[in-house]
There are 2 protein chains.
Amino acid sequence: MQETSTLGTKSKPDSEPPLLSRLRQMIVTGAVQPGDLLAETALAQDFDVSRTPIREALKQLEREGLVEVRARVGTFVRKPTQREIHEMFELKESFEGLAAGLLARRGPVPELQQLRENVARSQEAVKNDDSELYSHLVHEFHSTLVAGADNRKLSEHYDLLMNQLAYHRIVSQTLSMPGRLQNSVKEHQAIIDAISSKDPLAAELVMRRHVASSGQSAVLAALHADDIDQPG
Amino acid sequence: MQETSTLGTKSKPDSEPPLLSRLRQMIVTGAVQPGDLLAETALAQDFDVSRTPIREALKQLEREGLVEVRARVGTFVRKPTQREIHEMFELKESFEGLAAGLLARRGPVPELQQLRENVARSQEAVKNDDSELYSHLVHEFHSTLVAGADNRKLSEHYDLLMNQLAYHRIVSQTLSMPGRLQNSVKEHQAIIDAISSKDPLAAELVMRRHVASSGQSAVLAALHADDIDQPG
DNA sequence: CTAGCATTTCTTGCATGCAACAAATCAAAG
DNA sequence: CTTTGATTTGTTGCATGCAAGAAATGCTAG
């Protein structure tokens, strides 16, 4: 898998250090697993720089909640606790609800057409039982919606949250739950309808219900995944 | 002014580097003003350490949006744009609305008594026309409410936001608007009532309306302050 | 075989030196 | 006086060396 960039939530085009981006990608894509050691010296050799810039990037990632730096022991990829996942889905619901409401309040919404096309392609993906494509489209739908809210601070907080939710293993597995795919597409359509109707309250409400239900599935999926990963 | 800690939003007792906290305090309390240069060498001498830990702290503050590091030029205290202030108040409304709803959902809420006492003291402050005390109590009310939501991730995002909103000059000035003090106390009481009634929807709604109205005042106040600061 | 202890190894924390570059300063020409 | 240019000053970016400490390892005694 060479190009993992298609899934990355960027929205930060203003000169972020390349090292930071690459390290973050390694974590959110699962190229390095929770518990793995990210030693400064080793990374410095891999990226052909000194320890200093590596160290700065790792400290940033610590602040983003993606790694844990234990003094004089090592820097490790972090795995969110069950409680944190629950908390983050509460936040996700709030963020995306806010975004939907803001979208419904905006005058012209160029992103609406993009969302409509997304739903159309999602229906195709469901019909073809292509869960991988569908997973990608779901991410794109939510990402487009938040970006369309036209609130950069919201986008920053949202990106922070989603990176920590480790998109892949937690969100992806959610969708394979039987029956949720069809419902999910219908809900996406309902969200678009509410936004088109310029009804902020309805848009927010529908969006939040949608996130809440998918969140429950996701938390359950994460719980189940834990049973497999760590029987303790 | 020795102890500025009474106003600091902590909620991060887990060993944050002291340097980072002190530098952050200097910014949010206004000890250093927007536009001021924070040179690594000078700070290193002030705090009697080398440039390295200073540098790490400044990079963190850059990520928190409090400073801007311009390569090979200098690190400067940042001032949020008008647009960012508007965006952040939209987020604040969402955060505190979420918190109020979560509080109303909780079983026992130990913080309720604390909030009631806060309102009582706020009434006293209004009666005595002590706007400084009142300003402090308002901050405490909102801070206590968010903390009571029992969602650490929410608290983290909230702290990030509030630090960037530069509590003092933006929020403080808001309250001196004539007539808002009495209204504000009534609204705080209404929020407590909704939470006590275990009515999450009402709690969130009242909270959001409260934040929204205070936000409008705050944005106007910031705009006015800009007229004074920079006529350009 | 086990338990305890010394040692070795590996990691981050911090200090410091130098390079790269931007911006301010100052001098000289018109 | 203004403008243009060279020079000086100041700043961050990065590499590297050493210290402090934690944890793994191996050795020794029982």
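Order of the sequence lines fixes the chain letters, A, B, ..., with proteins taken first and strands second; residue numbering starts at 1 for each chain. Since the structure is predicted, the reported quantities are computational estimates derived from the model, not experimental observations.
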Review point. Just by modelled atom types, is the A:Thr81 backbone N or O under 3.5 Å from a matching donor or acceptor in the A:Glu84 side chain?
Key: yes
**Study point:** Leading and trailing nucleotides of DNA chain D with any atom under 4.0 Å from heavy atoms of chain B
**Key:** D:dG10 to D:dG13
Review point. Is it true that the side chains of B:Thr144 and B:Glu111 contain a donor and an acceptor less than 3.5 Å apart?
Key: no
Check your understanding: Can you name the nearest heavy-atom pair linking A:Met207 to A:Ala100, along with the distance?
Key -> CB-CB, 3.7 Å
Exercise for review: Output yes when a side-chain donor or acceptor of B:Thr29 lies under 3.5 Å from a complementary backbone atom of B:Gln25, and no otherwise.
Suggested key: yes
Exercise for review: Report yes or no: does B:Asn118 contribute a side-chain atom to a donor-acceptor pair with the main-chain N or O of B:Leu137 at less than 3.5 Å?
Suggested key: yes
Practice item. Of all the heavy-atom pairs spanning B:Ala44 and B:Arg51, show the shortest one and how long it is. Key: CB-N, 4.0 Å
Exercise for review: Grab the CZ-P distance between B:Phe76 and C:dA22 for me, whole Å please.
Suggested key: 14 Å
Check your understanding: Rounded to whole angstroms, how far apart are CZ on A:Arg72 and P on C:dT11?
Key -> 15 Å
Exercise for review: Mind calculating the distance between CG (A:Leu37) and P (C:dT11) to the nearest angstrom?
Suggested key: 6 Å
Exercise for review: For DNA chain C, find the residues of residues 45-58 of chain A with a heavy-atom distance under 4.0 Å and give them by number; none if there aren't any.
Suggested key: A:Arg51, A:Arg55
Check your understanding: Across the strands shown, which category fits A:Leu38 at heavy-atom distances under 4.0 angstrom: base, sugar-phosphate, nothing?
Key -> sugar-phosphate
**Study point:** Check: B:His157 ring centroid to A:Phe95 ring centroid under 6.0 Å
**Key:** yes
Practice item. Using a strict cut-off of less than 4.0 Å between a Lys/Arg side-chain nitrogen and an Asp/Glu carboxylate oxygen, indicate whether B:Glu87 and B:Arg83 qualify as a salt bridge. Key: yes
Polar atom pairs between nucleotides 23-25 of chain C and protein, under 3.5 Å, N or O only, would you list them?
from   : atom 1 : to      : atom 2 : distance (Å)
C:dA23 : OP1    : B:Arg70 : NH2    : 3.4

Check your understanding: Sub-3.5 Å donor-acceptor pair from the side chain of A:Gln33 to the main-chain atoms of A:Gly30, do we have one?
Key -> yes
Practice item. Identify whether the distance between the nearest side-chain nitrogen and carboxylate oxygen of A:Arg78 and A:Glu68 falls below 4.0 Å. Key: no
